[in-house]
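Here is the structure we will look at, set down as structure tokens.
The sequence lines fix the lettering, A, B, ..., with proteins before strands; numbering per chain opens at 1. This one's a predicted model, so the numbers in the text were calculated from it and none came from an experiment.
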Protein chains: 2
Amino acid sequence: MCYKVPVNAAPPPSGSSPTLEDVARAAGVSRATVSRVINGIRNVDPAIQEAVRQAVAATGYVPNQAARSLVTRRAGVVALVVSGASGEEPGEPSPGQVFTDPFFGRVASGIIGFLRPRGIHPILMFADDAETRAQVLTYLRQGNADGALLVSTHAEDLLPRLLADAGLPAVLFARPAEPIPISYVDVEHRTGAKLAADHLVARGRRRVATITGPPNLPAAQARLAGFRDAMAVHGHPYIPCAEGNFTYHSGEAAMERLLAEHPGLDGVFAANDVMAQAALFVLRQHGLRVPEDVAVIGFDDSSVAAASRPALTTVRHPVEDMAAEMARLLLARVDQPERPATSIIFEPALVVRESA
Amino acid sequence: MCYKVPVNAAPPPSGSSPTLEDVARAAGVSRATVSRVINGIRNVDPAIQEAVRQAVAATGYVPNQAARSLVTRRAGVVALVVSGASGEEPGEPSPGQVFTDPFFGRVASGIIGFLRPRGIHPILMFADDAETRAQVLTYLRQGNADGALLVSTHAEDLLPRLLADAGLPAVLFARPAEPIPISYVDVEHRTGAKLAADHLVARGRRRVATITGPPNLPAAQARLAGFRDAMAVHGHPYIPCAEGNFTYHSGEAAMERLLAEHPGLDGVFAANDVMAQAALFVLRQHGLRVPEDVAVIGFDDSSVAAASRPALTTVRHPVEDMAAEMARLLLARVDQPERPATSIIFEPALVVRESA
DNA sequence: ATCGAGTTAGAGAGCGCTCTCTAATGGGTT
DNA sequence: AACCCATTAGAGAGCGCTCTCTAACTCGAT
């Protein structure tokens, strides 16, 4: 058998970049064969495969993604959406702020870690009002992205429902406040809080207080409830608490309040590491030693936990793994649109360092 | 004149989403006319425009971006690339870490602020080795993105050169170490450092030291040089300095060193706010009051500057504006590929707060 | 009336790719 | 020697859109 040897091999693609046709001509085969070689090779003679590969190299061919998407109906892109409140509250974090949150960094990192080896990259979008939510929906409907990975800053976020109603593939980080037929990943907050409670008690702490997250966040409430329940089991039915909103400043203020009202406390569980760090600062200002006088436990095991002085004992929130799982769930859903919503709950673990 | 009234108006698009053809049929016009109405309308009878708009609404039509990109050769997407070192150094920030850097957050925020109103969203990519750099180039060549906005964590980053050689539209944040024909935005670091020097001198400081950034970063060196030159003009030819790498820990260590070697210092200029904040911490630990005993000036005016105690006097680095300008330059270049590389240098300003 | 310029709508040719359908070939059965 | 099935390569029909080119029509000026 002999393959057509092109007489005048591939005319150098004059203006624009080479197409499949150019490669086919250079290799002396048909467009279809080149396509077969470039994508998963099935039923192509090894000699021809090699010829095609050389032609690709010679022409410097790069497939055009738009043409490919047009027929495959796959963008090869997912949207990473940071979604804000349902209304337009003044206290909202701005798009810039959410980035500086170490939590978001971990989510992004986990997602990218999973997606990058698969040649998929996330498109970054913010949705903080009706207009931008519509923008996200339109964007997905236009086929710019195959699905959405959603990180909501508020539990009442409207976007999850909109996405579910539109039948667009999406996965949430954290369970929505109301049940919505949509996939999500979450951590067992109650169990995590229980770990903290058990540890404080095991360390002999008897006058324990807690700094909570915002009451409208189910995750924050689960941490509080889990902590209270576990402490009740240990014989401490009443636990003083001060409300924060996961920021450093709110943590400082909360710790000040706790100290003013309960000067004798010997243990604090903060609903996240940043507030725990703030608590550390306030306690030191008051001349209290950590962990000798007051034991402190945080939540998340974010980068600040190991970096703070003393290093924070905290509950590990496997954010990166959870984010990777989000991406995995989304891609599975994109491949099988009829797949039902699936959710995965991760187990937390206690990380003991110096502060408790 | 009369427009064809469709006898059996738009059959409900059975399986997939409606196409231009469906809308055209519903409106009783041609595909071309619908296209004209949907994009910038030119020369279309108002009555027909209205009919088309109603047909669009009736059918729930959303244009298919892939088909559009195929013919326009525009993706409507830009890549936001965080690019690492030339080699694979161990001290490298991981993808996740770079997110937590408030600096990156500000860049992302500025870029998104500019792009979002234009319906363009950035694709997030990391390039930290030869493979991922190649991935970025291929991605752009495939037409997945029209250009790249590049934030390098190292001055020796190879990606800018690769992009320039490939003729791909790109804009850098910060001037590359070697001259490369590529657009960039930067701030006048020397001027900023001079503002800090002048202010310290004006406040009567005579024994001034500085905490520098990494020596391989042109921006860090420009800040150091600008500070030294300005202090020399004020009659202080020798300025003690300690090297940091822009992290909190390196700032702490640098401040400790300075204090050990120059116990009588009364002013410190740190090359960024994070290190200045660390300096604040170390000074307080040593029982020194800021600004009474030691005045401290940072650089960047990042969110930590206003949040620290005492609030940091710092040099404003207009990162968000610069990032928006990057996006503007990139879009201009995408529209006019022959446009030469243009760079824009911003002026810094001193922000006086409590620390100096 | 006749012409030419200006405006508006439709026809149709692709953009570059994938994928089905068909044709050709090769080897094992009967 | 006739047949069938499996394997491999090519032909060609779109995917949904934009955009040029042309036809039709309007209108003011000759």
Grab the [atom1]-[atom2] distance between [X] and [N] for me, whole Å please.
X	N	atom1	atom2	value
B/D45	C/dG6	CG	C1'	15 Å
A/L20	D/dG10	CG	P	13 Å
A/I48	D/dG10	CD1	C1'	11 Å
B/R74	D/dG16	CZ	P	24 Å
A/R31	C/dC19	CZ	C1'	11 Å
B/Q142	C/dC15	CD	C1'	16 Å
B/R141	C/dG16	CZ	C1'	18 Å
A/I38	C/dC17	CD1	C1'	10 Å

### Query
Side chains of A/D22 and A/T59: do they bring a donor and an acceptor to under 3.5 Å?
no
### Task
Decide if atom CZ of A/R333 counts as having more than 12 heavy atoms of other residues, nucleotides or ligands within a radius under 6.0 Å.
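Enclosed: over 12 neighbouring heavy atoms sit under 6.0 Å from CZ of A/R333.
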### Query
What residue among B/L80, B/L331, B/V171, B/L172 forms side chain to side chain contact (heavy atoms under 4.5 Å, CB included) with B/M326?
B/V171
### Message
I want to check a possible cation-pi pair here: A/R141 against A/Y139, using under 6.0 Å from ring centre and within 45° of the ring axis as the test.
### Response
no
### Message
If you take any heavy atom closer than 4.0 Å to DNA chain D, which residues from residues 61-71 of chain A end up in contact?
### Response
A/L70, A/V71
#### Entry: Quiz item: A/R73 side-chain donor-acceptor pair to D/dG16 base, under 3.5 Å
no
Does [X] have a side-chain nitrogen or oxygen under 4.0 Å from the phosphate oxygens OP1 or OP2 of [N]?
X	N	value
B/S35	D/dT18	yes
A/T72	C/dT18	no
A/S30	D/dG10	yes

### A/R116 and B/D128 ion-paired at < 4.0 Å
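Answer for the salt bridge query: yes.
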### Query
Want to settle it: does B/R36 or A/N39 sit nearer the 5' end of DNA chain C, counting the closest nucleotide to each?
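Result of the comparison: B/R36.
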Give every donor-acceptor pair under 3.5 Å between a side-chain atom in residues 26-41 of chain B and any protein atom, sequence neighbours left out.
unit_1	atom_1	unit_2	atom_2	d
B/S30	OG	B/A32	N	3.4
B/S30	OG	B/T33	N	3.3
B/S30	OG	B/T33	OG1	3.3
B/R31	NH1	B/E21	OE1	3.1
B/S35	OG	B/N39	ND2	3.4
B/N39	OD1	B/R68	NH2	3.3
B/N39	ND2	B/S35	O	2.9

### Task
Begin from the C-alpha positions of B/R74 and B/D335 and carry the test salt bridge (Lys or Arg N to Asp or Glu O under 4.0 Å) through to its verdict.
CA-CA 10 Å; B/R74 273 295 140 66; B/D335 275 340; 3.5 Å; yes
#### Entry: Residue B/V29, side-chain atoms from C-beta onward, closest of C/dG10, C/dA9, D/dG10
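Comparing C/dG10, C/dA9, D/dG10 against the side chain of B/V29, the answer is C/dG10.
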### Task
May I have the step-by-step check of side-chain contact (heavy atoms from CB on, under 4.5 Å) for A/T132 and A/V136, ending in yes or no?
CA-CA 6 Å; A/T132 48; A/V136 170; 5.8 Å; no
#### Entry: Inter-axis angle, terminal five-pair segments of the helix from C/dA1-D/dT30 to C/dT30-D/dA1 [nearest 10°]
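Answer for the end axes of this duplex: 60°.
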### Task
Provide the closest heavy-atom pair for A/V334 versus A/D146 in the form atom of the first, atom of the second, distance.
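Taking every non-hydrogen atom into account, CG2-O, 3.6 Å.
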